[in-house]
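Each remark here refers to the structure printed beneath this line.
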Amino acid sequence: DAIFAILALQRGAELVDATRNQEDFYTAILSICCVFFWLDLLLALALEFPHIDLFIGRTGYRSMNVVAILQQSLELIGVHTAPGERFTSQYRQIVSLLICIRIVRVLVMLPELAGSRLQKTMQELHVMIRVLTGTLQPLLWCTILCLVLLLVFGVYFTE
């Protein structure tokens, strides 16, 4: 899926003049990947049936998987509702901006998917990815705190 996302980004400029067959090919691959990931998510939820956790899951990255699958589903809906309008449809432009989520998902999960031999050689990358994903929650809280402070001072100064 990440390879497909990278190819879609790279060939985006070429698809302006692309034939209908090339766009149909990408649509077919996108559909197959989307169905595969939905089935994977549903089977994982079925295996954990009594204790379903949509945020952490077994791997610890279930929320990232859910967001990536939703982005891919929204992109697929846009492809089918506005075919041939990748750069003119505002909906498709906004959804395609979030394609980086699918690439980040693969980068985060890569160290765990690889074997133990690759994990030993990529230990530093794994630590860096864990640290980066661990800083997102404090960054979110810091942003919310700054917005609240701006809101309070904005209301104070306007009155």
Side-chain angles (χ1 to χ4, degrees), residues 1-13 15 26-27 29-31 33-82 85-114 118-119 121-159:
D1 183 48
I3 294 171
F4 176 72
I6 291 170
L7 286 176
L9 287 172
Q10 182 181 9
R11 295 188 38 115
L15 285 178
Y26 284 117
T27 303
I29 290 179
L30 182 67
S31 301
C33 288
C34 190
V35 168
F36 175 75
F37 287 122
W38 272 110
L39 286 175
D40 180 51
L41 178 66
L42 291 175
L43 287 174
L45 291 176
L47 287 174
E48 302 171 357
F49 176 63
H51 307 286
I52 294 176
D53 185 11
L54 284 176
F55 296 107
I56 304 296
R58 227 182 20 202
T59 60
Y61 300 111
R62 172 90 33 91
S63 59
M64 185 176 291
N65 259 346
V66 169
V67 169
I69 291 171
L70 287 175
Q71 186 276 336
Q72 190 171 10
S73 300
L74 291 174
E75 185 175 351
L76 188 62
I77 289 169
V79 166
H80 286 294
T81 57
E85 299 179 13
R86 180 173 182 202
F87 300 104
T88 57
S89 170
Q90 188 175 8
Y91 172 78
R92 286 188 68 184
Q93 287 176 351
I94 292 171
V95 171
S96 67
L97 288 176
L98 302 174
I99 200 169
C100 62
I101 293 171
R102 291 168 30 200
I103 297 169
V104 169
R105 172 181 63 175
V106 172
L107 287 176
V108 168
M109 295 175 67
L110 182 67
E112 285 150 16
L113 293 176
L118 186 61
Q119 283 182 356
T121 60
M122 295 181 61
Q123 230 170 7
E124 292 84 12
L125 176 64
H126 183 63
V127 169
M128 287 172 42
I129 290 173
R130 285 280 188 179
V131 168
L132 285 174
T133 55
T135 59
L136 291 179
Q137 187 177 7
L139 178 67
L140 175 73
W141 285 115
C142 182
T143 305
I144 290 173
L145 181 65
C146 288
L147 288 175
V148 167
L149 285 173
L150 284 173
L151 180 69
V152 167
F153 282 110
V155 168
Y156 176 75
F157 287 131
T158 56
E159 291 186 11

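Note that the structure is predicted; figures quoted are calculated from it, not measured. Keep in mind that the numbers below use all heavy atoms, side chains included, and drop hydrogens, waters and symmetry copies.
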Atom [atom1] in [X], atom [atom2] in [Y]: separation rounded to 0.5 Å?
X   : Y   : atom1 : atom2 : answer
I94 : E75 : CD1   : CD    : 13.0 Å
L39 : I69 : CG    : CD1   : 10.0 Å
L42 : L47 : CG    : CG    : 11.0 Å

Side chain to side chain contact (heavy atoms under 4.5 Å, CB included) partners for [X], two or more places apart:
X    : answer
L132 : none
Y91  : L74, I77, S89, V95
V66  : L41, R62, L70

Review point. Just wondering, do H80 and S31 contact through their side chains at under 4.5 Å, heavy atoms?
Key: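 Yes. Closest side-chain heavy atoms under 4.5 Å.
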Table please: side-chain donor-acceptor pairs of residues 137-157 below 3.5 Å, with sequence neighbours left out.
residue	atom	partner	partner atom	Å
T143	OG1	L139	O	2.8

Exercise for review: Could you name each residue pair satisfying side chain to side chain donor-acceptor pair (under 3.5 Å) that touches residues 34-47, not counting sequence neighbours?
Suggested key: W38-S73
**Study point:** Qualifying residues under side-chain hydrogen bond (donor to acceptor under 3.5 Å, both in side chains), relative to T135, sequence neighbours excluded
**Key:** none
Exercise for review: Give the minimum heavy-atom separation between G78 and R92, together with the two atoms involved.
Suggested key: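 Looking at all heavy atoms of both residues, the shortest contact is O-CD, 3.3 Å.
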